[in-house]
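Only this structure's heavy atoms are used, side chains among them; waters, hydrogens and symmetry mates stay out. Letters go in sequence order (proteins before strands), and every chain restarts at 1.
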Amino acid sequence: MQQEPLPAVCSYAAMIPSSAAFSSAQGWVLSFSSGSALSAGTGAILDMFGFPMRLSNYFLPTLRETPAEAEIVSHRLMLRAGLIRQESAGIYAWMPLGLRVLRKIEQVVREEQDRAGAIELLMPTIQSADLWRESGRYDDYGKEMLRIQDRHERDMLFGPTNEEMITEIFRASVKSYRDLPLNLYHIQWKFRDEVRPRFGVMRSREFLMKDAYSFDLDKDSARHSYNRMFVAYLRTFKRLGLTAIPMKAESGPIGGDMSHEFIILADTGESEVFCDRQLLGLPTPPIDVDFGSDLNPLVEEWLSFYAATSEMHEDGRFEASVPEDRRVSARGIEVGHIFYFGTKYSEPMGAKVAGPDGEERPVHMGSYGIGPSRLAAAIIEASHDDGGIIWPAPIAPFDVGLINLRADDAGTGAACEALYAALEAAGVEVLYDDTDARAGAKFANMDLIGLPVQVVVGPKGLAENTIEVKTRAGGERKSIPLDTAAAEVEGMVKAAKQAFAV
RNA sequence: CGGGGCAUAGCGCAGUCUGGUAGCGCACCUGCUUUGGGAGCAGGGGGUCGCAAGUUCGAAUCUUGCUGCCCCGACCA
């Protein structure tokens, strides 16, 4: 079972001291700094604070009506479910529930990057224009780059990407081929001043991106670094509940000659894509894939089937290489992009290493992007129904939505509290709807925010010592005995997550 | 950046043509009733009508300028 993401919890805990209302909770500051608290599951930490996620105390501003500006379903649902709020064109605030999703996506991405041998660091959002003058991109990048000046009238910019900066970091410290290969990544906010931002966080100006940068002595080893990210991406998207297909891509303004986009199929996709149906069923590389081994056969298998975006599509080749009943032509959303671009930056910026022969040569580089903020929207595009979002279990903001149908009833209240405590102790994240809204409103709201498992506690069932559980994805409900409910729900949550494990 | 549209309460909208006390539904607050799929009744709060000039006795409404936002296209994680 993967580790639960701590950042969301940390930020939540950090907010507590600012509110006098919580000052009666004792000892939490000390508890928080203890190692055992941090190593425990998220739920256990919250429980330790004695501050459960009661909806009555939470901040979840959902909307019953759809804001007029939202065109596509993910944008509508993200606004309605209180995940995001637009602050300016293409610029969004992430509300608590949305932030939890974003952190979970980040964490899956992080785990797979780490597994593939990439090393995390964190570069700033603001960069010096001088760095970009070195590579020549300061003039090339155009108006998409947000240019700013500091108080000394120095030219700065809000980074749209980090090739220059990582190259600068690399060249300052790495001088020998013995330190290669190296792959450094960070997960940081980027800004691209899109002419027309749209579709919410799918195509925003400010967006969160995981960008990794590989450094190798020559093209062959760079190819291996590329393959490692290729495999990591296949695993990452699968764990997020997505079937992403690598497609040959144009390398765009970043440049280079080996490049693939990872595309998921969705009706609202921005681009037209064509591929062989076989790709949809190819097995995802397993968790124990050896990243040190030759990954070429694995990658080549994926690349042996036809797959292309409309820009790279050739009708003739498509029809010649794919039998008619296997031809898929659909719309797709780009969720990742990997490039090999050789010495495009290392050469002009002087990032050189000495080879075994003592000769210095520019390193061969690649860059590898995934947009977690965009993924949140893409996942909703791929997983929703008329009632709202259906989160894949691994990235759901909470595992369980616990509904108390009668907030003023001592019996249901006690049953909910007991269930809540038992589930949290088992490491299950629970959002407890203890509000006094009506049943219908609670059900609709819970469906909207899409938690994988709903637990409904009402006076009727309780009279027979039962509660009801419902899975959001399939909609199945069943009554189960109260005394085994916690164990059963825990099992459902674990099974739901297990279904996404690869 | 070309083309089109919109801007009135947190959200969805009417009112603008034809200038005269700023409205409706949802949400919010109070009370009572209700309580297993977005309850009912009664009462209540919330608005520089995007901004600025102008015309007028009087501007949400007419004029001009500006700004913001959305949609289509070209471009992109």
Mind listing the N/O atom pairs, protein and nucleotides 12-15 of chain B, below 3.5 Å?
{"residue": "B:G12", "atom": "OP1", "partner": "A:A68", "partner atom": "N", "Å": "2.5"}

If you restrict it to nitrogen or oxygen atoms, what contacts under 3.5 Å exist between nucleotides 38-40 of chain B and the protein, and what is each distance?
{"residue": "B:G38", "atom": "O4'", "partner": "A:A441", "partner atom": "N", "Å": "3.4"}
{"residue": "B:G38", "atom": "O2'", "partner": "A:R64", "partner atom": "NH1", "Å": "2.7"}
{"residue": "B:G38", "atom": "O2'", "partner": "A:R64", "partner atom": "NH2", "Å": "2.3"}
{"residue": "B:G38", "atom": "O6", "partner": "A:R80", "partner atom": "NH2", "Å": "3.2"}
{"residue": "B:A39", "atom": "OP2", "partner": "A:R438", "partner atom": "NE", "Å": "3.4"}
{"residue": "B:A39", "atom": "O4'", "partner": "A:R438", "partner atom": "NE", "Å": "3.3"}
{"residue": "B:A39", "atom": "N9", "partner": "A:R438", "partner atom": "NE", "Å": "3.4"}
{"residue": "B:A39", "atom": "N9", "partner": "A:R438", "partner atom": "NH1", "Å": "3.3"}
{"residue": "B:A39", "atom": "N7", "partner": "A:R438", "partner atom": "NH1", "Å": "3.3"}

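Residue pairs that meet the salt bridge (charged side-chain N to carboxylate O under 4.0 Å, His left out) test with at least one member in residues 370-382 of chain A, sequence neighbours left out, are A:E270-A:R374. Sorted by first then second residue, the side-chain hydrogen bond (donor to acceptor under 3.5 Å, both in side chains) pairs that include residues 59-70 of chain A, not counting sequence neighbours, are A:T62-A:N445.
Every residue meeting the salt bridge (charged side-chain N to carboxylate O under 4.0 Å, His left out) condition with A:E314, not counting sequence neighbours, appears here in chain and number order: A:R317. Looking at residues two or more places apart in sequence or on another chain, you find a ring-ring contact (aromatic ring centres under 6.0 Å, His included) between A:F237 and A:Y233, A:F262. Looking at residues two or more places apart in sequence or on another chain, you find a ring-ring contact (aromatic ring centres under 6.0 Å, His included) between A:F191 and A:F158. Evaluation of the salt bridge (charged side-chain N to carboxylate O under 4.0 Å, His left out) rule for A:D436 yields no partner, not counting sequence neighbours. Remark: A:K470 engages A:D447 in a salt bridge (charged side-chain N to carboxylate O under 4.0 Å, His left out) (not counting sequence neighbours). Residues satisfying the salt bridge (charged side-chain N to carboxylate O under 4.0 Å, His left out) criterion with A:R76, sequence neighbours excluded, are absent altogether.
Across all strands shown, B:A74 forms no Watson-Crick or G-U wobble pair with both key distances under 3.5 Å. Across all strands shown, B:U16 forms no Watson-Crick or G-U wobble pair with both distances under 3.5 Å. The partner of B:A39 is B:U33, judged by Watson-Crick or G-U wobble contacts that both fall below 3.5 Å. Taking a pair to require two hydrogen-bonding distances under 3.5 Å in either a Watson-Crick or a G-U wobble arrangement, B:C26 pairs with B:G10. The nucleotide B:C69 finds its pairing partner in B:G5, both defining distances of the Watson-Crick or G-U wobble pair being shorter than 3.5 Å. A 3.5 Å limit on both hydrogen-bonding distances identifies no Watson-Crick or G-U partner for B:A60.
One distance of note links OG1 of A:T284 with CZ of A:R239; it measures 12.0 Å at 0.5 Å rounding. To the nearest 0.5 angstrom, A:K190 atom NZ is 11.0 Å from A:E206 atom CD.
The gap from the C1' atom of B:A77 to that of B:G36 amounts to 45 Å, rounded to the nearest Å. Nucleotides B:A60 and B:U21, compared at atom P, are 10 Å apart to the nearest Å. Taking atom C1' in both B:G4 and B:U18, one finds a spacing of 27 Å when rounded to whole Å. Comparing the C1' positions of B:C49 and B:U16 gives an interatomic distance of 11 Å, to the nearest angstrom. Spacing of P atoms, B:U55 relative to B:U64, comes out at 15 Å, to the nearest Å. For the C1' atoms, the distance from B:U8 to B:U61 is 11 Å, rounded to whole Å. With P as the reference atom, B:G23 and B:G40 are 24 Å apart, rounded to whole Å. When the P atom is compared between B:A59 and B:C75, the two are found 49 Å apart, to the nearest whole Å.
Counting heavy atoms from C-beta outward, A:E163 and A:K344 have side chains that stay 4.5 Å or more apart.
The base of B:C71 lies outside donor-acceptor range of the side chain of A:R198, with no N or O pair under 3.5 Å.
Among the heavy atoms of the strands, none lies under 4.0 Å from A:S373. Residue A:G458 is in base contact, counting any heavy-atom pair closer than 4.0 Å across all strands shown. At the heavy-atom level, A:D211 lies nowhere under 4.0 Å from the strands shown.
For the segment residues 468-486 of chain A, the set of residues with a heavy atom within less than 4.0 Å of an atom of RNA chain B comprises A:E468, A:K470, A:R477, in numerical order.
Minimum atom distance to the side chain of A:F339 is reached by B:A77, of the listed B:C71, B:A77, B:C76. Residue A:H337 places its side chain closer to B:A77 than to any other of B:G36, B:C75, B:A77.
Comparing A:A89 and A:G461, the nucleotide of RNA chain B nearest to each residue sits closer to the 5' end for A:G461. Mapping A:M202 and A:D436 onto RNA chain B by nearest heavy atom places A:D436 at the nucleotide closer to the 5' end.
Judged by distance alone, the side chain of A:R235 and the main-chain N or O of A:V502 form a donor-acceptor pair under 3.5 Å.
No donor-acceptor contact under 3.5 angstrom links the side chains of A:Y420 and A:R54, judged on distance only. In this model, no donor atom of one side chain and acceptor atom of the other lie less than 3.5 Å apart for A:N162 and A:Y185.
Across the protein-nucleic acid pair, A:R406 atom CZ and B:G36 atom C1' stand 11 Å apart, rounded to whole Å. Atom P of nucleotide B:A77 and atom CZ of A:F237 are separated by 13 Å, given to the nearest angstrom. Atom CZ in A:F199 sits roughly 13 Å away from atom C1' in B:C75 (whole-Å rounding). Atom-to-atom, CG of A:L402 to C1' of B:G36 comes out at 15 Å; the value is rounded to the nearest Å. Rounded to whole Å, atom C1' of B:G36 lies 14 Å from atom CD1 of A:I467. As rounded to whole Å, 14 Å separates atom P of B:C76 from atom CG of A:D140. The separation between A:D408 atom CG and B:U34 atom P is 12 Å, rounded to whole Å. At whole-Å resolution of the value, CE in A:M312 and C1' in B:C76 are 16 Å apart.
Centre separation under 5.5 Å together with a plane angle under 30° does not hold for the ring of A:F443 and the six-membered base ring of B:G36, so they are not marked as stacked.
Contact annotation: A:R196 side-chain N/O to B:C1 OP1/OP2 distance is not under 4.0 Å.
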Please table the atom pairs, donor to acceptor, closer than 3.5 Å between any side-chain atom in residues 84-91 of chain A and protein atoms at least two apart or in another chain.
{"residue": "A:Q86", "atom": "OE1", "partner": "A:Y92", "partner atom": "OH", "Å": "3.3"}
{"residue": "A:Q86", "atom": "NE2", "partner": "A:S88", "partner atom": "O", "Å": "3.3"}

